[in-house]
Amino acid sequence: MGGLAVVIAPGPAMINNVAVPLVLFPGAWGVLFFYACLDQKLLRAYGVVAGLTLLNGGLIAWHFAQTADVLQAAA
Amino acid sequence: MINVSTRMTKSLLAIHGCSAVFLGLLLYTVILTGTLAVFEHELGVWANPPSQAGEAPLPSGIGARMKTLAASVDPAYLDEVGVFPSSDGRLMAFFHTHVEAEQGREAVEEGTLILLEPASLEELDRVTGSADEVFRHFGNNALSNFLLDLHIRLLLPGQWGLWATGLLGFAMLVASVSGFVIHRHLIKDIFTLRRRRADVLAARDAHVIAGSWSLPFAFVLAFTGAFFSFGGAIGLPMLAAIAFGGDVETALEVLQPEVGEDSSPAPLADLDLILVSAAERTGGEPQNMFVNHWGRADALVTVRMSAEEGGLLPGAVLYKGATGEFFKTQPNLGNEPSFGGDLAGLMSPLHFGNFAGTPSKIVWFALGFASAYVALTGMVLWTRRRESEPGWDKLARATAWLGYGLPASLAAVAAGYFLLIDGVSGLGYSLLYVFLGGLLATALLSFGARSAEAANRLLLRLTGGIMLLLPLLRWLAAEGPGWGMALSSGLSWVFVMDLCFILGALACLRYKRPHSSPEEINIERTDEDKTVAERVADAA
């Protein structure tokens with residue numbers, strides 16, 4: 001969910017990147033939950049969930065690094 | 001019918017059963033209180049009606065009345081002013097400002113709250129203090145607020161309650177999706193009620209019919225409920241921190257309209273004319289009104305409207321306070337219309353069912369009641385099948401306790417409200433003590449009864465008995481209006497609610513549960529006859 005806030009464009013009202021992931025959160029959680037419960041290969045399920053977690057974390061870290069660079073340049 | 005492999009069906013059955021067994025009773029609590037909360041305003045009016053119903057949420061003349069009230073409060077509290085109807089139909093005018101709190105704590109709202117009669121706009125009472133203190137001071141909404149607090153937070157403090165109900169929302173989401181996939185004869189089950197078969201099969205069919213009709217609704221409620229609980233508790237702060245890099249000022253700028261600051265004094269324009277203009281401009285009805293910087297040149301008046309005829313999403317109209325000039329219309333969320341704002345705005349009408357007035361509320365109530373019935377009868381059917389086993393008997397009694405003791409305790413809270421309320425004065429934690437006392441008493445009855453079945457019957461009759469007393473207590477103990485006076489004062493909901501409670505009480509008192517022994521319940525049935533819960537057990 002956090003990664004989506006970085007990927008989705010804010011739009012003219014500047015809120016799409018907050019509102020859309022927020023609404024999609026229960027659905028995204030549900031899909032991941034059922035996938036993790038129903039996948040026959042447990043290791044693959046671990047891998048997919050861990051991969052998505054890392055991808056989200058990476059996107060958020062990259063976004064914060066970009067913001068810090070902009071602030072440093074402005075200072 | 002959805003074709004899935006046997007292995008996947010077994011997994012889905014296990015998921016469905018686990019979500020029901022571990023969280024079923026708490027889920028039932030949230031669903032039942034949510035079903036009642038659909039009529040939160042009507043319950044508020046019934047419990048503590050004003051002397052005369054208002055012509056509209058913001059009646060004509062409220063603008064002029066607000067100006068006379070503004071002259072009577074501390075000028076510091078003119079920083080932010082709001083006027084809005086409370087659950088019981090009375091009006092609340094809150095004149096307040098934001099006070100910087102000690103380091104490390106959030107700013108608090110402090111001001112004067114004034115309670116007004118909706119028709120005459122007469123002042124009933126006023127109190128000054130922090131927002132928490134002033135809203136707790138009045139007891140006119142205490143019954144509705146208690147119900148909402150139980151539904152939204154399970155009476156838990158702070159964010160813990162939102163976490164708990166968010167988790168229950170996810171459990172309901174899991175149960176409804178897995179129930180849909182493993183439901184083999186959805187269309188057929190919607191119309192199948194074998195009244196002439198064994199009693200237990202008729203009861204089983206009633207459970208499946210209610211479940212089949214309310215399945216899509218349960219999904220919508222679970223999705224929107226999880227959105228509200230988790231969204232408010234963790235989602236929004238986390239996403240806002242990421243999207244705006246933790247910059248609160250930028251976040252606020254995005255959500256609030258830009259008005260140049262000008263603190264020079266200027267009289268406020270005619271608020272009644274602004275309300276008329278807002279109604280003409282949007283085709284909706286003004287629901288509440290807020291004024292920022294009252295008495296300053298940069299004053300801004302925000303009028304929140306109901307959705308226009310045929311529309312689903314409400315919006316707001318903004319006016320410049322000093323001139324009364326139209327400034328802009330504002331969507332439900334954000335400063336400009338957006339896909340994300342509309343998507344988030346849809347969650348409210350879908351969860352509360354208030355998008356088409358009373359008819360949609362009745363549908364939401366009926367489907368909510370069906371969902372609560374499914375949660376309870378699913379647990380009852382499953383535990384009755386195993387009540388001869390020692391461990392399951394405890395769960396059967398716990399199901400009887402919460403299943404039938406919760407409505408009895410809620411009815412006791414309403415009775416306690418009528419016995420304790422004095423005008424509009426606050427009740428503190430009295431209703432919580434009544435509720436906990438009710439739960440304790442019903443627990444003793446459930447676990448002390450001859451059997452879980454006997455406890456069910458006893459608690460159902462207790463609920464009916466208390467419900468039958470409610471109209472009398474409202475009239476005699478709380479000195480509420482009689483039916484004739486209520487109808488002539490435009491308070492028809494008082495009469496309707498009394499009637500609903502009497503009919504509900506008679507249904508509880510006259511209900512005869514078909515009694516079947518565990519052996520009867522375990523009679524050989526075709527695979528088609530088995531409930532989802534039974535198939536979970538078979539799979540296990």
Side-chain angles (χ1 to χ4, degrees), chain A residues 1-42 44-45 48-49 52-75, chain B residues 4-5 7-8 10-12 14-15 18-19 166 169-174 176-178 181 219 222-232 234-236 238-247 250-251 253-255 330-347:
Chain A
M1 181 174 70
L4 280 181
V6 179
V7 174
I8 293 176
M14 302 288 287
I15 57 168
N16 280 354
N17 53 339
V18 175
V20 175
L22 201 61
V23 174
L24 291 181
F25 176 50
W29 180 89
V31 168
L32 270 182
F33 176 82
F34 277 109
Y35 167 69
C37 289
L38 297 176
D39 195 336
Q40 277 179 291
K41 293 181 179 170
L42 198 57
R44 184 172 59 189
V48 169
V49 174
L52 283 172
T53 308
L54 284 175
L55 183 67
N56 263 281
L59 278 169
I60 295 166
W62 173 77
H63 175 71
F64 276 121
Q66 293 275 88
T67 313
D69 284 349
V70 170
L71 287 175
Q72 211 166 23
Chain B
V4 286
S5 66
R7 188 198 63 80
M8 189 176 277
K10 278 188 177 180
S11 301
L12 285 168
I15 291 169
C18 284
S19 63
F170 282 127
M172 191 168 165
L173 197 65
V174 164
S176 56
V177 171
S178 55
V181 177
F219 176 81
F223 192 98
T224 52
F227 164 80
F228 280 119
S229 287
F230 266 137
I234 52 167
L236 190 58
M238 187 183 87
L239 285 170
I242 295 168
F244 301 107
D247 185 355
T250 311
E253 275 171 21
V254 165
L255 293 174
Q330 201 176 29
N332 189 47
L333 189 66
N335 268 321
E336 305 291 334
S338 66
F339 172 70
D342 287 350
L343 205 60
L346 273 176
M347 298 291 112

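Proteins get letters first, then strands, A, B, ... in listed order; numbering begins at 1 in each.
- The aromatic rings of A:Trp29 and B:Phe170 are tilted relative to each other, their planes meeting at an angle between 30° and 60°.
- Heavy atoms only, all atoms of each residue included: B:Leu333 and A:Ile15 are closest at O-CD1, 3.5 Å.
- If you tally non-hydrogen atom pairs under 4.5 Å between each of A:Val6, A:Leu22, A:Asn17, A:Leu4 and chain B, the highest count goes to A:Leu22.
- Of all heavy-atom pairs spanning B:Met347 and A:Val23, the tightest one is CE-CG1, 3.7 Å.
- Residue-environment remark: CZ (B:Phe339) stays at or below the threshold of 12 foreign heavy atoms within 6.0 Å.
- In terms of heavy-atom proximity, B:Glu336 sits nearest to A:Pro12 at CG-O, 4.1 Å.
- Heavy atoms only, all atoms of each residue included: A:Pro26 and B:Phe223 are closest at CG-O, 3.7 Å.
- Across every non-hydrogen atom of B:Gly340 and A:Ala19, the tightest pair is O-CB, 3.3 Å.
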